[in-house]
Structures are given as structure tokens and as C-alpha cells.
Protein chains: 2
Amino acid sequence: MFPEERRRRILEQMRSGEAVKVADLCTQLGVSEASIRRDLRELERSGLLARTHGGALPNEGTMNEPSFAEKATRSHAEKVAIARLAAGLVQDGESLILDAGTTTLEIARQLRQRKDLTVITNAFHIAAELSDCPGIKVLVTGGEVRGNTLALVGPVAERTLADVNADRLFLGANGIDLKRGITTPTQAEAAVKRTMIESARQIVLVADHTKLGKVAFATIAPVTRAHVLVTDRQFDPHAARELTARGLQLLIAQ
Amino acid sequence: MFPEERRRRILEQMRSGEAVKVADLCTQLGVSEASIRRDLRELERSGLLARTHGGALPNEGTMNEPSFAEKATRSHAEKVAIARLAAGLVQDGESLILDAGTTTLEIARQLRQRKDLTVITNAFHIAAELSDCPGIKVLVTGGEVRGNTLALVGPVAERTLADVNADRLFLGANGIDLKRGITTPTQAEAAVKRTMIESARQIVLVADHTKLGKVAFATIAPVTRAHVLVTDRQFDPHAARELTARGLQLLIAQ
DNA sequence: TCAGATATACTCAAAGTCAATCAATATCGG
DNA sequence: CCGATATTGATTGACTTTGAGTATATCTGA
């Protein structure tokens, strides 16, 4: 058992967010307490955990935060249903903007067989997904990479988007609220999404029912700025009626 | 038993994700510890495992990926060697342009631990590789996705590149020829690479020896436009002398 | 607040491991 | 055939890792 190996196992054990005790690790890994302490000190130095008396607590980054991959599998069936319905709006020959996000990635997958599409996106995954489709021309906006979402934001992205004219935008969001509008966690993302909205003729908002009522930090636009909302059937009927009354077309995936 | 064969067996043994001990490998493969250590050093350089005191651990993630087989080849080891040498030119705090390509991707990997870098690239893979590095700001050029290489080309890419000023460019190429210059298969890529050249203070051409004498369809620039060429030691000595005479600095990876 | 129980930092010596060098052998290209 | 290059294993001194021992620090419950 090597020191490095031991440290990996310690981290592995903390992945669930639980604290570890020196004595436990000691028996589990079959080394003296001195060695365990040395390991913990080292891992603390790397910023992976915080030591306490008798053991250690995992640090933010060490815990299993929902990665992109995990988010993508969470309620995957619903996302596919929403994506199918949304993709049905697209006619061959159109040009589309696809926002970054797991639902919009599903839309991209649904569009693979289509002919003569132009897709503009600020998401790696979407561009990669469509890059080998003969009937689809993919334009990436460029911009700075936003840490964990792999979305591109910033002036470069905005400028590219400002210079295009798309038939349709498929917009993702973290929060949809009747009063606070469509929201997202960062100003930078909000700015990009606003530019997308300006460059598209029709705005299709895609969001599952869990987004309703949530408010994230930065407002993108009022909900009425969207023309269509595609969501699932657990979407609150009251809110649905209210949105319809305000002129949105609602499409409910089954 | 050839060194290559031995290394393959070592990797074979680590496939399950288990650690290996120098002493064990030593008896199993019937060679001295010195040789085993040399093998492990080499494999570590290629990014296939992590050495520890007494043995080695499989590198997290890499072991079961499809890219694993490719990484185990000799040409990949050469690329890594070139990349290490090239990455050594970079000082913390600089801004770089990284062209799309397998060697430049390796350069990106070598830069992960650096601080305060700005990296501009037209390659997905490079952007993804560096996106989670706290010390590195990644700017993607944007542009159209070129089918199989996943490089971004076209007016959007060129405009983004034209608007930046980088300390260094690491440029890949399909062909390097004394008469025909630096070449690449398509006009679109050539145009992007030319823009990169214009936006950087120092041009570092990275190319293994197989590129010498090859001529691809589109010329990017004469070889003399580069300031430094990083290559491997199988690079033809005559050509090397000729290039040095023309003012290029040659760096030969061992 | 204090005493007793734990947990910790520190030093040290032993065991094991490593890098560097060198000479011997094997292989390659002409 | 010869010189150049690669590969190998032995040797040496230096480095890491380890657990025990000891003095200090921290926690807990009264």
C-alpha cells in the first residue's frame, strides 16, 4: 500500500461528504496513526480536506457535486420527452441557436438526422454532438469557458451571436418565475442569453417543471419575452394558465 | 523481452486499476529494478501512470478510456516529449495561442498546473482540458466546426484571433517543407493559422519528424516565419542545419 | 474552571527505495 | 567489419517512508 494509494482511498471515502476518523482509517488501511496524520496533513495542504481533532472533513470540491454527466442522467427521460417535442418545431433548412444545457443537448441529439440546418451554439457538447452530421453546419460562438458547465460566455460570444440571425432559439434557464422572469446564476451567462434572444425570430424556452418558481441571481428577460415554453406535464397548471394568458404558447411533453 | 513489450505488460497489469510494486515487476519480468524504474519513468512521462515510492499507481481516469490504447503508442510518447519541451518555453503570466492538434493538446496538459495563463484556442479538446484549471483563463475562438478534427475555422475564428495579442503561438502543421513552407490540408485552416501567426509575438512550430518534407494542400507561411521549431530527434540533421542557417531556433526533444 | 482522556506535533532511527554513474553487452546502419 | 547508439545491471550515496517514543495541545464532562 503506497502513500498515494492511501490518500486516494481516504478521499474516496470522503466523497459522500462524510467525515473520517484517524483511528478508523488507521485500522482500515493498516498503518500507524502517524502515517494517517501525515496523509491528512498533505491532503489539507492540497486544499482537498479540512483537518479536525480526531479526523478530517471533506472540502467543497472533494465531495460529489453533481457533475455535468450526473445532471445529464437525472430525470433523463423527461428531458428527452421535452427535447423531442421541442425538436419537432424545427423545419429542415432553418438556422437555430442552441443554448448550453442538458435539455438543449438532448435537442441537438434529436436533430442529428436533419438536413440543411445551421446550428449556432455556445456549448462544447452540442457542437461535438453535431460535428459529424453531414446535414448540419455548426457554428460555435467562442468566448471564455465557464468552469463546470463548459458554456462559452463573454464579449466574444456576444459579438458572434449579435452578428447572426436565427429562425429559432432554444433557451435553457435555471429559474422561471412569473414575477422575476427567466434567470440564470451569473451575469455573464445572462448577457449571452440576452444576445441570443435578440438574434432569434422565435424564442423557445425549454425547462422542466422543477425550474418553475425558482429565481437565480441574474435576470435574462421577462417570461413574456419567450414565444413558446416546452416543459413536462408536472408543470403547475395554474402557472400554465397564467403564462398562456400572457401570450405564451405552452407545449407539454407527455 | 523488449522494453516495449515489458512496458505493455506493466500497463496490462494495471488495467484493473491496481497498483504495482517495483519488486514484483522485477521478478515477474526477470529484469533488474533499474530497468523497471526506467520503464515506469517513461510511462509516467507519457501520462499513463503515476509513480510512487516502491511502485506506481494507474492514473485516475485514463485507464479505461478508449484513448488509452492510443496513448500507449510510441508516437504518442514522442508527442509528449515535444510537448514538454515546448511547454517549458512558457512563463507564468503569459498569454498563449494554442492551435488545434494532438501535440498542442499535450502542451495544454503540460500547462495545467501553471498560474496566471491566458490560453486562446480553436480546439475543443484543449479548451475542455484546461477548463477546470484554476490558474488558467481559456478563451475559445469560435467558428465553424471542421468535421473530424473538431477544430474551429472560418471568419468568426479569424476575427477573434485578430483581436488578441499573445506572447506565444504554438502552431501545429501537417507538412513542413523548406521550399513549400508550412502547410495544412484546407484553405480554411490555413487562413486561421495565418491569423494566429499575425497575433503572436513569437511563433513556436511543433511538429514531429514525420512532417518534414510533406506538403499539404494549403500553404500557411514560409518556414522562416516561425521563430522556434520543436521536434524530436529523428528529425533529419540536414534539414535541421538548413533551418538553423535560416534563423530558426531548433529544439530537439529527447 | 479543572482533571482526565485523547489527539497531536515532533524527533529519531531503521528499513526500504531511489537517482546517478559506469562499464559491459547487444543492436543498428553503413 | 566498424563506429555509433541503446539497453542493461551493479554500485554508491542520498532520499522517503515508517512507527515508536515523548512532550504538548485539545477536547469532554463534571
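Residue numbers start from 1 in every chain, and the chains themselves are labelled A, B, ... in the order their sequence lines are given, proteins ahead of strands.
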J.: Whole angstrom is fine here: how far is it from CZ in A/R37 over to C1' in C/dA9?
T.: 9 Å
J.: Can you give me the closest heavy-atom contact between B/R114 and B/I136, atom names plus distance?
T.: O-CG1, 4.0 Å
J.: Take the protein atom CD of B/Q234 and the nucleotide atom C1' of D/dA6, then report the distance between them rounded to whole Å.
T.: 13 Å
J.: What is the distance, to the nearest angstrom, from the CD atom on B/E4 to the C1' atom on D/dT7?
T.: 13 Å
J.: Please pick, from C/dT8, D/dG19, D/dT18, the nucleotide with the shortest atom-to-atom distance to any side-chain atom of A/A34.
T.: D/dG19
J.: Can you check the A/E33 CD to C/dT11 P distance for me, whole Å?
T.: 19 Å
J.: Please determine, for the side chain of B/H53, which listed nucleotide (C/dT17, D/dC27, D/dG9) has the closest atom?
T.: C/dT17
J.: Listing request: all side chain to side chain donor-acceptor pair (under 3.5 Å) pairs with a residue in residues 17-28 of chain A, at least two apart in sequence or in separate chains.
T.: A/Q13-A/Q28
J.: To the nearest 10°, give me the bend of the helix from C/dT1-D/dA30 to C/dG30-D/dC1, comparing the axes of its five terminal pairs at either end.
T.: 60°
J.: Are A/R51 and C/dA9 close enough that a side-chain N or O sits under 4.0 Å from OP1 or OP2?
T.: yes
J.: Taking only residues two or more places apart in sequence, or in another chain, which ones meet B/A50 in a side-chain contact (heavy atoms from CB on, under 4.5 Å)?
T.: A/R8, B/N59
J.: Identify whether the distance between the nearest side-chain nitrogen and carboxylate oxygen of B/K193 and B/D99 falls below 4.0 Å.
T.: yes
J.: So does B/R109 pair up with B/E106, basic N to acidic O under 4.0 Å?
T.: yes
J.: Is the closest basic N to carboxylate O distance between B/E242 and B/R246 below 4.0 Å?
T.: yes
J.: Would you say D/dG19 has OP1 or OP2 under 4.0 Å from some side-chain N or O of A/S35?
T.: yes
J.: From CG of A/L25 over to P of D/dG19, roughly how many Å is that when rounded to an integer?
T.: 14 Å
J.: Using whole Å, what does the distance between atom C1' of nucleotide D/dT8 and atom CZ of B/R7 come to?
T.: 12 Å
J.: Report the distance from atom CZ of A/R37 to atom CG of A/L25, rounding to the nearest 0.5 Å.
T.: 11.0 Å
J.: Quick one: is B/R41 getting a side-chain N or O under 4.0 Å of the C/dA20 phosphate, OP1 or OP2?
T.: no
J.: What is the distance, to the nearest angstrom, from the CZ atom on A/R38 to the P atom on D/dT17?
T.: 9 Å
J.: How long is the line joining CD1 of A/I36 and P of D/dT18, in whole Å?
T.: 9 Å
